[in-house]
Every structure is written in C-alpha cells, then in structure tokens.
Amino acid sequence: MSQLTLCFHDDVTSNKEKIQRIFIEYMRNKGVFKNKAVLDENFLPDELLHRDREIQRLVQILAPALRGYRPSNVFIYGGVGTGKTACVKLVLKELDEIAERENLPIKTIYVNCKLKKVADTEYRLLARLLHEIGIEVPSTGLPTDVLYLRFFKEIERKGLITIIALDEIDFLVYKIGDDFLYNFTRINGELRRAKVSFIGITNNLNLFRQLDARVKSSLSEEEIVFHPYNAMQLKDILKQRAKLAFNDGAITEAAINKCAAIAAQEHGDARRALNLLRLAGEIAERRNSQVVLEEHVDEAARKLEIDSVSEAVRSLPRQAQAVLLAIIKSTKNKNKTTTSDVYRKYRDIAMRSGLRVLTLRRVGDLINELALVGLVEARTISRGRYGRTREITIALDEPAKDEVRRLLFGYFM
DNA sequence: CGTCCACAGGAAATCCTGGTTT
DNA sequence: AAACCAGGATTTCCTGTGGACG
Ligand SMILES: Nc1ncnc2c1ncn2[C@@H]1O[C@H](COP(=O)(O)OP(=O)(O)O)[C@@H](O)[C@H]1O
C-alpha cells in the first residue's frame with residue numbers, strides 16, 4: 001500500500017510504466033501459497049492424523065449397516081476443533097463409497113444444526129433431511145408432523161438404512177428442547193424395512209446430561225470422546241496441511257511450531273491452528289515476503305482475535321448491540337456491572353437512537369445471548385440483603401475491546 | 001434464625017411474517 | 001377468504017432464592 005502511494009508521487013516515469021511495473025512485480029513474485037483452499041475451514045483431508053482410535057471405533061459401530069442391520073446410535077463429544085466433524089465426515093464418505101460400489105441401500109446424512117436458516121429449527125432440520133433423500137418441501141407453512149411422516153414414508157419405501165449425523169446437536173436442544181429427538185427415537189420402532197441411526201455430535205457435555213432420560217439412553221448406545229490435541233499433534237496436522245498449501249520453502253518450521261503452540265494453549269483447537277496458519281500466510285504475502293515467518297504468525301494471532309470479535313459484533317441484532325454498548329459503558333472505570341446498571345444505560349441508548357425500549361426481562365435474555373457468543377461473561381450472584389443479580393464482565397482483551405467500542409460508537413452515537 | 005431484597009429465569013401469551021391447505 | 005402452521009421477538013405473569021441484615 002505504501003509502495004503504491006510512493007510510486008504515484010514519483011513524477012519521473014509515466015503512469016502507464018509505473019502501473020505495469022507493479023503488475024509485473026506482482027507476477028514475478030509467486031507468493032507463498034500453492035493451494036490456499038487446503039487451509040479452508042471446509043477442506044477435508046483424506047488422512048486425519050492422531051485419530052486412528054476414534055475413527056476405528058466409529059467404523060466398527062457403523063459397519064453393521066453393511067450387513068443390513070441398524071448400527072447403534074453414537075454420541076460423540078469433545079471440544080471445538082478436536083476433529084469430530086472431520087472424522088465423522090470422513091467415515092461417512094467412505095461408507096457411502098462402499099455402499100454405492102456394493103449397491104447397498106445405505107444413506108448417510110450429515111447436518112450441522114447450527115447453520116442459520118438451514119437446520120437450526122425443528123422444521124428446517126426436517127426439511128433438510130427430506131432434501132437429502134430427494135424430497136423438496138416448502139420453506140414454511142406445513143405442520144412438522146407432515147414432514148416426519150413424509151420422511152419416514154420415503155425411507156420406508158426405499159428400505160434405507162439411514163445414518164444421520166447431527167453436528168452441534170447441543171445448540172438445537174438448547175434452543176428448541178429435546179422433543180424432536182424423542183420423536184425420532186420413538187418412530188424408529190415402527191419402521192418395517194427402513195432403519196435409522198443417529199450420530200450426535202456435541203462439544204457441550206452439560207447440555208447432553210440434561211436430556212430426557214429416554215432420549216439419552218437411546219441416543220448414546222455408544223460413546224466416543226475426542227480429547228484436545230497437544231502441541232506436537234497440532235504440529236503434525238499443520239505440517240501435513242502446510243505441505244499442500246504452501247510453496248516449497250515458503251514456510252518455516254518455526255512458524256508452524258508457533259501456530260501449534262498458540263493453538264495448543266487455546267484448548268488444542270485445530271481449527272484455530274489452521275486459521276492462524278492461513279492468516280499468517282496472507283500477511284506474509286501482503287508484506288511481499290516469500291516466506292512465512294514467526295513474526296507473521298504473531299501478527300496473525302493478534303488479528304484473528306480482533307477479526308472474529310468484530311465479526312461477532314457486526315452480526316449481532318441491533319438490540320443486542322445496544323445492550324453490549326450499555327455493558328461497555330457501565331464497565332467504564334471498573335470491570336464488573338450488574339443487570340440493573342446495564343439496563344439504565346441501555347434505556348438511554350435505546351431512546352436516544354430511536355430504538356424500541358425493551359423490558360428488563362428481555363434485556364436479561366439478551367445479556368445471556370451475548371454471553372453465549374463469548375463477548376461477555378455473566379454469572380448470577382447474591383448480594384444478600386441487597387438481592388440477587390448478575391455480575392457481568394466483558395470477556396475481551398484491551399485491543400479487542402477498543403475495536404468493539406469503536407464499532408458500537410459508530411452505530412449509536 | 002427468619003426476612004426480604006432485587007433480581008433470575010420458566011411458562012404462556014401476543015404480535016408478526018411468510019407460508020400452506022381447503 | 002378463512003383457518004392453520006412454524007418461528008422470531010417480545011411482553012406479561014410468575015415462582016424461586018442466596019445470603020446480609022436485623
Ligand atoms: N486429525 C486431524 N488431521 C487433520 N486435520 C484435522 C484433524 N483434526 C481436525 N482437523 C481440521 O481442523 C479443523 C477443525 O476440525 P473439526 O473436525 O471441524 O473440529 P470439531 O468438529 O471437533 O469442532 C478442520 O478444518 C479439520 O479439517
């Protein structure tokens with residue numbers, strides 16, 4: 001950027017020459033990436049490291065499908081970025097392949113319950129499942145029991161052994177309750193030819209514990225736990241990807257180690273590690289560096305935090321943003337506030353910016369939603385004689401907080 | 001040791017949107 | 001056109017409660 005401006009202030013050569021020089025320079029410099037898509041969130045490598053045991057368990061559990069039996073339901077837990085999704089997708093893919101080759105009536109379905117407007121409600125989940133078996137339904141309007149019926153009728157007609165992986169199932173259970181799971185497990189008994197099994201994936205053990213007892217026992221006939229990766233395992237995973245993603249010699253061992261070390265501290269999150277690596281590469285390219293260095297990783301770590309936070313804030317509904325601003329304002333000079341303090345500030349903000357002023361009850365829920373996204377922390381405390389309330393703190397470091405403040409001030413003031 | 005504060009948070013109701021069925 | 005349906009946001013009404021104070 002600074003180079004560009006400098007060039008244009010130089011009057012010795014013509015614009016044309018100057019522009020061409022930059023383009024040619026850009027072409028000659030081949031950049032650090034060979035195939036950046038490999039570092040994308042959705043890229044699925046065909047070799048998953050350090051998960052042999054987990055994969056083998058899953059394969060053994062699902063194998064009976066090949067002989068026409070219903071595989072046991074499985075519950076899979078583990079923190080974010082421990083490879084749950086990747087392993088399940090990989091195993092399902094291989095199962096699909098064999099089923100197709102052997103012409104077996106097996107259908108595997110993977111659904112992420114957190115995907116907004118796709119599978120984040122009971123109706124949409126059903127619509128999604130139907131879509132997967134080739135039936136399209138309107139995006140709204142029909143009663144859910146009709147969708148259940150159509151789904152079961154269709155798999156019964158085709159005599160399908162259906163394996164349904166519900167990723168981030170805790171999200172859906174938290175949002176709409178566990179009735180839908182009960183519906184599935186119950187109707188399974190009434191199927192004649194078809195069979196349905198579930199793979200429930202969650203990173204929240206607590207929510208699982210709160211499931212209805214019948215649902216819980218039925219859904220966790222088998223369980224697999226995914227433990228966080230340690231720094232060495234992350235290093236292996238990163239190396240494997242780096243080989244595919246970067247040009248030869250375009251990344252240093254030290255840079256990879258740094259990514260692994262940082263991610264290992266953050267709950268062994270492989271996704272974080274990969275994001276770090278990609279961003280470090282992008283920063284290196286922007287700096288016109290031929291090699292990704294440790295310093296690029298450092299900068300990536302700083303930027304990643306701020307990027308994700310500002311994205312989270314941007315995608316918040318207006319009212320939630322107002323509440324967040326109220327929290328920021330009332331934590332000025334101290335680090336904790338209470339619900340009532342926040343509410344007073346919130347009222348001012350809402351009134352001044354022409355927003356409808358919501359009730360305290362609702363604002364309380366909005367605070368919870370902010371806590372769920374990880375922007376604030378809220379725990380209920382008792383001040384004895386002076387009643388109960390929640391103690392609210394902002395869960396961000398200073399640079400991130402400044403960024404949030406900047407954004408929200410822009411929106412509201 | 002009982003009160004009683006200042007909320008937490010559950011449940012149901014309301015209002016709306018965008019859709020279907022009859 | 002009337003009667004339903006799911007779902008999102010919000011309100012209304014409500015019961016519950018940890019612990020400082022008296
Ligand atoms: N063992 C592994 N080998 C290679 N890549 C992995 C491994 N585990 C996870 N990843 C990668 O890390 C990212 C996050 O993994 P994911 O399966 O989505 O985690 P989870 O579902 O547990 O949150 C994905 O891009 C995935 O490809």
Side-chain angles (χ1 to χ4, degrees), chain A residues 111-131 135-154 166 168-184 187 204 206-207 209-212 313 315-327 330-331 334 336-347 349-351 353-373 375-393 411:
Chain A
V111 182
N112 186 330
C113 303
K114 212 171 181 174
L115 275 189
K116 298 245 176 301
K117 303 282 176 189
V118 176
D120 58 344
T121 68
E122 183 176 22
Y123 186 94
R124 293 205 266 259
L125 171 62
L126 264 314
R128 183 75 204 164
L129 294 179
L130 281 163
H131 169 81
I135 297 182
E136 301 304 329
V137 292
S139 62
T140 172
L142 265 42
T144 45
D145 33 342
V146 171
L147 298 204
Y148 277 108
L149 220 62
R150 284 195 197 170
F151 181 74
F152 288 109
K153 237 164 80 183
E154 179 67 3
L166 301 177
E168 318 240 27
I169 193 175
D170 45 332
F171 174 82
L172 205 50
V173 170
Y174 174 77
K175 205 173 132 188
I176 66 173
D178 52 15
D179 288 358
F180 74 102
L181 289 174
Y182 183 61
N183 289 337
F184 275 113
I187 302 181
N204 185 341
N206 286 335
L207 257 139
R209 293 215 178 91
Q210 287 164 23
L211 282 182
D212 178 285
V313 171
S315 62
L316 246 32
R318 280 283 166 270
Q319 291 285 6
Q321 288 175 338
V323 173
L324 182 57
L325 180 57
I327 294 174
S330 61
T331 50
K334 47 188 170 151
K336 22 185 168 182
T337 12
T338 60
T339 306
S340 53
D341 270 357
V342 171
Y343 189 62
R344 273 190 285 277
K345 291 273 193 310
Y346 159 80
R347 224 169 19 201
I349 295 168
M351 267 157 59
S353 54
L355 225 51
R356 187 151 70 96
V357 178
L358 303 179
T359 56
L360 179 71
R361 179 70 185 81
R362 178 62 184 146
V363 170
D365 279 348
L366 288 175
I367 292 173
N368 280 335
E369 284 170 32
L370 292 174
L372 211 62
V373 207
L375 289 168
V376 306
E377 275 167 33
R379 59 193 190 99
T380 83
I381 56 162
S382 172
R383 294 170 302 181
R385 176 62 247 286
Y386 305 103
R388 319 181 84 194
T389 183
R390 268 180 313 173
E391 190 180 86
I392 303 158
T393 55
Y411 292 157

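Chain identifiers are assigned alphabetically (A, B, ...) following the order of the sequence lines, protein sequences preceding nucleic acid strands; residue numbering begins at 1 within each chain.
For A/I176 and C/dG8, the CD1 to P distance is 9 Å, given to the nearest whole Å. Rounded to whole angstrom, the span from the CG atom of A/D179 across to the C1' atom of C/dG7 amounts to 16 Å. Between A/R362 atom CZ and C/dT11 atom P there is a gap of 8 Å when expressed in whole angstrom units. Per the geometry, CZ belonging to A/R388 stands 13 Å off P belonging to C/dA20, to the nearest Å. As rounded to whole Å, 11 Å separates atom C1' of C/dA6 from atom CG of A/D145. In this entry the distance linking CD1 of A/I381 with P of C/dG18 reads 14 Å, nearest Å. Taking atom CG of residue A/L142 and atom C1' of nucleotide C/dG7, one finds them 14 Å apart after rounding to whole Å. Separating the CG atom of A/N368 from the P atom of C/dT10 is a distance of 14 Å, rounded to the nearest angstrom.
With hydrogens and angles ignored, the 3.5 Å screen pairs no side-chain donor or acceptor of A/D341 with any backbone N or O of A/S330. Judged purely by atom type and a 3.5 angstrom limit, A/Y123 has no side-chain atom pairing as donor or acceptor with the backbone of A/L147. When atom types are taken as modelled, the side chain of A/Q319 and the backbone of A/R356 share a donor-acceptor pair closer than 3.5 angstrom. Distance alone, capped at 3.5 Å, is enough to place a donor-acceptor pair between the A/R390 side chain and the A/G364 backbone.
Of the candidate nucleotides C/dT10, C/dA6, C/dG18, C/dA6 has the atom lying nearest to any side-chain atom of A/Y123. Considering only side-chain atoms of A/L358, the nucleotide from C/dT10, C/dG18, C/dC5 that sits closest is C/dT10. When distances run from any side-chain atom of A/D120 to the nucleotides C/dC5, C/dT10, C/dG8, the shortest one goes to C/dG8.
OP1 or OP2 of C/dA6 has at least one side-chain nitrogen or oxygen of A/T144 nearer than 4.0 Å. OP1 or OP2 of C/dT11 sits under 4.0 Å from a side-chain N or O of A/R356. For the pair A/S382 and C/dT17, the criterion of a side-chain N or O lying under 4.0 Å from OP1 or OP2 is not met.
Between A/F152 and A/Y148, the angle of the ring planes stays under 30°, which puts this pair in the parallel group of the 30/60° scheme.
A nucleotide of DNA chain B counts as in contact with chain A when one of its atoms lies under 4.0 Å from a heavy atom; the first and last such, 5' to 3', are B/dC5 to B/dT21.
Nucleic acid contact for A/K175: sugar-phosphate only, since backbone atoms but no base atoms lie under 4.0 Å from a heavy atom of the residue. Within 4.0 Å (heavy atoms only), A/R361 reaches at least one base atom of the nucleic acid.
The side-chain heavy atoms of A/E122 and A/L126, taken from C-beta on, include a pair separated by under 4.5 Å. At a threshold of 4.5 Å between non-hydrogen side-chain atoms, the residues A/V376 and A/L324 count as touching.
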